[in-house]
Amino acid sequence: MKIDVHNHIGVDPAYEEHRAAKELVDEMEKAGIDKCVVFPFTTNPDFKEQNKVVKEAMDKYPDKLIGFFTMNPRLPEMTDLMYMYKEQGFRGVVTDPRFGVGHEAKRFHELVECALVLEMPVWLHSDDKDTMRVYIGPLEAVMSKYPGVQFILSSMYYDHVGIAARHKNVYLDTATHMSGGMTASAVQPVGTHRILMGSNSPYGLLRREVEKIEAEDVFTGFQKSLMYSLNAERLLKL
Amino acid sequence: MHVHLTEERPDAEWVWSNWPGEGRRGLSAEVFIEKMDACKPRIDKAVVFGLFSLASETPEAMRRDNDYIMRMVEKYPDRFIGAGVVDPSWGEAAIKELHRFVDAGLRVVKMRFSSMHYHANNKAAQRVFKEIGELGVLPVCHSDWTHYSNPLILGDLASMFPDVRMVMQHFGEYLSYDAISVCRKLPNVYVDTSALVLPKNIVRFIDEVSPDRIMYASDTLSVRGGLQPQDALNRVTCLELPKKQEEKVLGGNAVALLRSVGVKL
């Protein structure tokens with residue numbers, strides 16, 4: 001079993017990327033991936049429409065696609081929407097500082113609190129630290145405040161290995177890691193049990209993510225199976 | 001050249017999103033005029049634009065911010081030069097909003113790619129810049145150290161539109177050496193001094209790039225704290241530039257640039 005936890009479908013208005021669910025499913029078959037977590041492009045502010053695209057994809061490919069929804073914490077109706085999306089079958093929430101809400105903000109804390117109640121992981125860009133007004137301190141404070149919430153930090157930048165080492169409720173995905181060797185460097189401080197295979201497709205390639213793990217000879221077969229699927233299955237209660 | 005104004009709103013519209021004890025954010029036109037008058041030297045005019053719609057949750061949010069700016073320009077025509085905010089993520093709706101506020105008289109366009117979390121040279125931004133070029137208005141773009149808005153990425157965008165003059169706001173912040181490098185090669189790029197970390201690079205810019213393409217700015221967006229106009233003035237005046245150079249930085253260059261895009265001064 002192989003599960004890729006980081007894939008976008010829909011429309012990316014910034015880079016003019018349009019990706020249908022069918023394109024992802026075709027790529028999955030070629031790469032030997034059984035299931036993918038999908039969510040909208042975080043550059044698209046029209047997230048309600050994009051969540052609909054994901055919902056349609058989940059309905060069309062229920063055995064292959066696991067949907068996360070995107071949420072703008074600035075909306076007063078945020079928690080109502082989160083309950084609705086949970087009801088619709090979404091399994092996680094994605095948010096992004098592009099919505100103008102920092103990790104210290106009341107609205108971000110409320111999103112995390114709602115995710116706790118709904119038993120959903122919270123997916124965050126780990127490269128948010130490179131953006132304005134998003135600091136690691138407030139992010140770590142939230143991780144400590146809500147130990148019952150599982151966070152997925154995407155794009156395994158170096159600082160986030162340290163963050164994951166300090167916070168046991170943090171998972172890392174392998175997207176944008178240059179090599180399997182760099183993924184291996186996170187194993188000692190974090191543990192393989194919190195590393196998820198994620199390609200960031202369509203910007204990354206599903207096949208490449210498998211090869212990164214497969215080609216790295218320091219991983220045991222068990223460690224590979226954790227990253228390929230066992231961690232995702234445990235996290236998402238599949 | 002760089003002030004964010006925000007409309008006063010009833011408590012009920014914002015307290016739900018703030019922690020107890022956390023004050024409202026923002027700066028009204030009236031409060032900023034008081035600050036302009038209190039500055040030494042006094043600030044005569046300011047380029048103003050919105051704050052909350054830099055990355056907007058809806059196209060309506062953009063319009064709401066821009067409407068407030070237009071009302072304040074109408075109310076205080078001797079003090080404010082208005083700029084409209086555009087979030088290119090909204091595609092056609094962003095282009096429509098650009099045309100709407102330009103038709104209404106605004107000649108400056110504010111964009112902040114670090115808020116939108118994508119690279120300044122992306123396709124959507126190129127599309128907006130193409131329209132800006134055809135409208136003959138002035139884009140003013142936030143710069144910083146991130147991969148979204150660093151001077152090289154903004155410079156790449158500017159290089160695609162050599163006939164469009166662009167202001168690289170904040171002078172690259174921590175990356176002011178990079179901003180100088182970009183501006184040396186691209187004559188259509190100007191800088192403002194707001195949030196510049198190394199003030200001596202104002203002198204370096206004048207010496208190595210041009211005395212005509214650098215402008216005083218404060219990036220004030222709050223009543224207290226953060227960046228304030230007097231502190232930003234001090235950043236320039238502490239350099240004790242030759243009088244003619246200082247006059248250019250504190251206003252002469254801005255007047256020439258704004259007039260070149262049709263702002264009546």
Side-chain angles (χ1 to χ4, degrees), chain A residues 8 10-18 40-50 70-79 81 94-111 124-135 138 141 145 154-155 157 176 203, chain B residues 12-22 25 50-62 65 87-95 111-128 142-150 169-170 173-174 195 219 221 226:
Chain A
H8 303 276
V11 177
D12 175 348
Y15 304 102
E16 294 187 350
E17 188 76 44
H18 298 249
F41 291 95
T42 52
T43 50
N44 196 321
D46 197 1
F47 74 95
K48 288 183 194 170
E49 284 303 310
Q50 295 301 304
T70 301
M71 182 51 58
N72 181 350
R74 282 165 80 164
L75 297 188
E77 68 270 32
M78 172 182 74
T79 51
L81 287 170
V94 177
T95 191
D96 194 291
R98 81 87 58 210
F99 295 119
V101 177
H103 295 141
E104 77 291 351
K106 180 180 169 184
R107 297 301 293 163
F108 180 69
H109 284 232
E110 191 163 312
L111 181 147
L124 300 168
H125 263 127
S126 63
D127 60 349
D128 285 346
K129 70 182 176 55
D130 278 344
T131 63
M132 298 292 291
R133 303 186 190 289
V134 178
Y135 305 109
K145 183 178 173 183
S154 168
S155 307
Y157 285 15
T176 74
Y203 298 116
Chain B
E13 287 189 20
W14 62 271
V15 289
W16 63 274
S17 66
N18 286 21
W19 294 113
E22 195 175 55
R25 292 170 64 205
L51 174 66
F52 293 123
S53 64
L54 294 168
S56 50
E57 61 268 39
T58 59
E60 290 72 32
M62 247 187 312
D65 258 13
D87 176 349
S89 324
W90 288 104
E92 273 306 318
I95 300 291
M111 279 179 283
R112 190 177 191 279
F113 299 101
S114 289
S115 294
M116 301 151 205
H117 280 216
Y118 49 63
H119 300 82
N121 59 354
N122 74 74
K123 298 280 187 188
Q126 289 175 37
R127 195 156 165 239
V128 171
H142 166 95
S143 72
D144 57 42
W145 63 91
T146 68
H147 41 221
Y148 304 122
S149 300
N150 67 67
Q169 298 178 304
H170 309 312
E173 295 193 2
Y174 293 103
D219 190 17
L221 54 80

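Convention: sequence-line order gives letters A, B, ...; per-chain numbering from 1.
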ring-ring contact (aromatic ring centres under 6.0 Å, His included) involving His119(B) - partner list, sequence neighbours excluded | Tyr15(A), His147(B), Tyr148(B)
Which heavy-atom pair separates Tyr118(B) from Ala14(A) by the least distance, and what is that distance?
-> CD2-CB, 3.2 Å
Which atoms of Thr58(B) come close to chain A, meaning under 4.5 Å heavy atom to heavy atom: side chain ones, backbone ones, both, or neither?
-> neither
What do the steps show when you test Glu104(A) against Trp19(B) for side-chain contact (heavy atoms from CB on, under 4.5 Å), and what is the final call?
-> CA-CA 10 Å; Glu104(A) 77 291 351; Trp19(B) 294 113; 5.6 Å; no
Atom pair CZ/OG of Phe99(A) and Ser56(B) - distance to nearest 0.5 Å = 11.0 Å
Between His117(B) and Asp96(A), is a side-chain contact (heavy atoms from CB on, under 4.5 Å) present by the stated rule, with each step listed?
-> CA-CA 9 Å; His117(B) 280 216; Asp96(A) 194 291; 2.9 Å; yes
Closest heavy-atom pair, Pro13(A) versus Ala124(B), reported as atoms and distance to 0.1 Å, is O-CB, 3.4 Å
Taking the side chain from Trp90(B) and the backbone from Asn44(A), do they hold a donor-acceptor pair closer than 3.5 Å?
-> no
Set of residues satisfying ring-ring contact (aromatic ring centres under 6.0 Å, His included) with respect to Phe52(B), sequence neighbours excluded | none
Chi angles and distances behind the salt bridge (charged side-chain N to carboxylate O under 4.0 Å, His left out) call for Arg98(A), Asp87(B) | CA-CA 11 Å; Arg98(A) 81 87 58 210; Asp87(B) 176 349; 3.3 Å; yes
Are there more than 12 heavy atoms of other residues, nucleotides or ligands under 6.0 Å from atom OH of Tyr203(A)?
-> yes
Reported CD-to-NZ distance for the pair Glu17(A) and Lys123(B), which is rounded to 0.5 angstrom = 11.0 Å
For Ser89(B), is it the side chain, the backbone, both or neither that has a heavy atom under 4.5 Å from a heavy atom of chain A?
-> both
